[in-house]
There are 2 protein chains.
Amino acid sequence: MSNIDIISDKELQKGIREFLETAPDIYMAGVSVDTVIFGFHNDKLKALMLRFGNTPYFVLPGGYIRKEENLDAAAMRILQERTALKNIYLEQFYTAGNTNRSKEEVALELTQKMIGTIPNSNWFTQRFVSVCYYALVDDTKVNPVTEIFFTEVKWFDVNKLPKVLYDHDAIINKALKRLQADLDEKLVGFNLMSETFTMGQLQKLYEAVYQKKFVRTNFQRKILSLGVLERLEKQYSGKSHKAPYLYRFVKTS
Amino acid sequence: MSNIDIISDKELQKGIREFLETAPDIYMAGVSVDTVIFGFHNDKLKALMLRFGNTPYFVLPGGYIRKEENLDAAAMRILQERTALKNIYLEQFYTAGNTNRSKEEVALELTQKMIGTIPNSNWFTQRFVSVCYYALVDDTKVNPVTEIFFTEVKWFDVNKLPKVLYDHDAIINKALKRLQADLDEKLVGFNLMSETFTMGQLQKLYEAVYQKKFVRTNFQRKILSLGVLERLEKQYSGKSHKAPYLYRFVKTS
DNA sequence: ATCTATTGTATCAAAATGATACAATAAAGT
DNA sequence: ACTTTATTGTATCATTTTGATACAATAGAT
């Protein structure tokens, strides 16, 4: 183990100790928030995950609820801390509350290894009920923020998740199911796109979310019939074929 | 105030004091469960509510999570305590977490009046994040269970709710929205009916849930086309007109 | 036997969806 | 300038689903 590693570990220990001391005064005990942050690039639906210390495991961005803070506000704060974005589309979809969900052997062992001796019973070892939200972001605007414990922030194809801790893979799947329902119902898809987009790009998004193909011509007819798109100028890609129109979602509210 | 009232209040006080002493050892702090128990009678969708002490206010059946108990199990236990039913259809739909939701003036004042002096800061005055479930029950099988604090258990038309405490009216409305989505998607309606039923009764249920009328003939065609009903014998009501068939849901799983 | 209220099924029109054909077009190749 | 290629936008036809209405069947009451 190199010098740098040791220094970094010591800093980590100090940070953790500080957190352990202050957390019980600042946050509600027993309740946490986890967020599934969906993004869309390379025609794939992705979720943002954090590397757990220097292990090969990843976890969802999460945090705790300040004692005088509303639950939704806590979720939004946690999201903003991680993406440096404002006005994010955020939807609560599930609350996980099995007793064994935070008692994962691997996580405890890894924590112990990384941060050394800390009180046997502490903030992290308590039972948490976790309220889960999903967020839809335009990934081109996200500025992933790392921190001392979560040194890497990475997008993962929802179909190619890494090793994850706790029940976070099950949570992502629940989030996806809910997103599928909401995409039809509330037309929330544009939150995943840039301001303007072509019909082809939108179709790719729908195909990624529903994990199935749509017939191009019928998809276009269906979407246009919803009357929520405004047709803009054409987008010339330089390719030698007909250029598609750009569209923008119009708020009907 | 009569003697009987005074005696009852003293018993109540004793019960509450006992609860306040033991609760922190038994239950998770900061997290509660509320349940919207839907039933169907007189062609109306109803929710079961509890009278708050001897006040004119009602609340949803709720409770706390034992320290070693899964969240879903806690919801099921609370439900069974209140309805004396097993195998209830139960679905988590929302978690309420505004800071002001348990700080309702009326509730605090009423509690104070009813149970007299108790510690100023206690189990009930802490902030709770409440995980909400809805349940679908065949109301003919429900045996509403009262207790010392909730002396009356009553079904209310979801469109004619009484005065409620906290955010429980908003929670019922969220539950209804979710039920509407699930009725289409998962065909959960039969949990609200008795074992056998006529097409007319089923239609009344759908009309109560969606709060709109359906055309009888088209409703029948649509439901039968789903292939989830088994047609049984006719039901002779004694009325002077054609008797309808009885149906039963068949599990396809 | 007739009447009334209701139920079950059929029928036709309208709307939505699925499958396919085809014209329009942006740029590259000749 | 003409042709070619890849893609896009729209049209068309068949099929399915939905909405509206007609009508025959039937359990009793008169």
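Computed from a prediction, not measured in an experiment: that's the story for all the values here. Lettering of chains follows the sequences in order, A, B, ..., and the numbering in each one begins at 1.
- Counting distance only, with no hydrogens placed and no angle test, the side-chain atoms of B:Arg216 and the base atoms of C:dG8 include a donor-acceptor pair under 3.5 Å.
- Not a single donor-acceptor contact under 3.5 angstrom links the side-chain atoms of B:Arg221 to the base of C:dG8.
- Distance A:Asn218 CG to C:dA15 C1': 15 Å, rounded to the nearest Å.
- Remark: the B:Lys242 side chain and the C:dT6 base include no donor-acceptor N/O pair separated by less than 3.5 Å.
- Candidate nucleotides D:dA20, C:dT6, C:dA19 were compared by shortest atom distance to the side chain of A:Val215, and C:dA19 ranks first.
- In the set D:dA20, C:dT9, C:dT7, the nucleotide with an atom closest to the side chain of B:Pro244 is C:dT7.
- Spacing between atom OH of A:Tyr245 and atom C1' of C:dT25 amounts to 10 Å, rounded to whole angstrom units.
- Between the CD atom of A:Gln220 and the C1' atom of C:dA24 there is a distance of 13 Å, given to the nearest Å.
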Where do A:Asp138 and A:Asn191 land on the side-chain contact (heavy atoms from CB on, under 4.5 Å) test, with the steps shown first? CA-CA 6 Å; A:Asp138 171 1; A:Asn191 293 290; over 6 Å; no
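- Within 4.0 Å of B:Gly200, counting heavy atoms only, lies no atom of the nucleic acid at all.
- Below the 3.5 angstrom threshold, one finds a donor paired with an acceptor across the side chain of B:Thr217 and the base of D:dT21.
- Checked for salt-bridge contact, B:Arg77 and B:Glu69 meet the test: a charged N lies under 4.0 Å from a carboxylate O.
- Protein atom CZ of A:Phe219 is 15 Å distant from nucleotide atom C1' of D:dG9, rounded to whole Å.
- Residues B:Tyr247 and B:His241 both approach DNA chain C. Their nearest nucleotides, taken by heavy-atom distance, put B:His241 toward the 5′ side.
- Residue B:Ser237 is classed as having no contact, given no heavy-atom separation below 4.0 Å to the nucleic acid.
- Residue order along DNA chain D, read from the 5' end via each residue's closest nucleotide, puts A:Ser240 first among A:Ser240 and A:Lys234.
- Among the nucleotides C:dA27, C:dG18, C:dG8, the one closest to any side-chain atom of A:Tyr236 is C:dA27.
- One atom, CG of A:Leu229, and another, P of D:dG9, lie 12 Å apart when rounded to the nearest Å.
- Put simply, CG on B:Leu246 is 13 Å from C1' on C:dT7, counting in whole angstrom units.
- Cation-pi contact between A:Arg231 and A:Tyr247: absent, since separation from the ring centre below 6.0 Å together with deviation from the ring axis within 45° is not met.
- Atom CD in B:Gln203 sits about 12 Å away from atom C1' in C:dT7, given to the nearest Å.
- In this structure, A:Phe52 has its ring center at least 6.0 angstrom away from the ring center of A:Tyr57.
- Side-chain N or O atoms of B:Asn98 include none that pairs as donor or acceptor with a backbone N or O of A:Asn70 at under 3.5 Å.
- One can place CZ of B:Arg231 at 13 Å from P of C:dT7, the figure rounded to the nearest angstrom.
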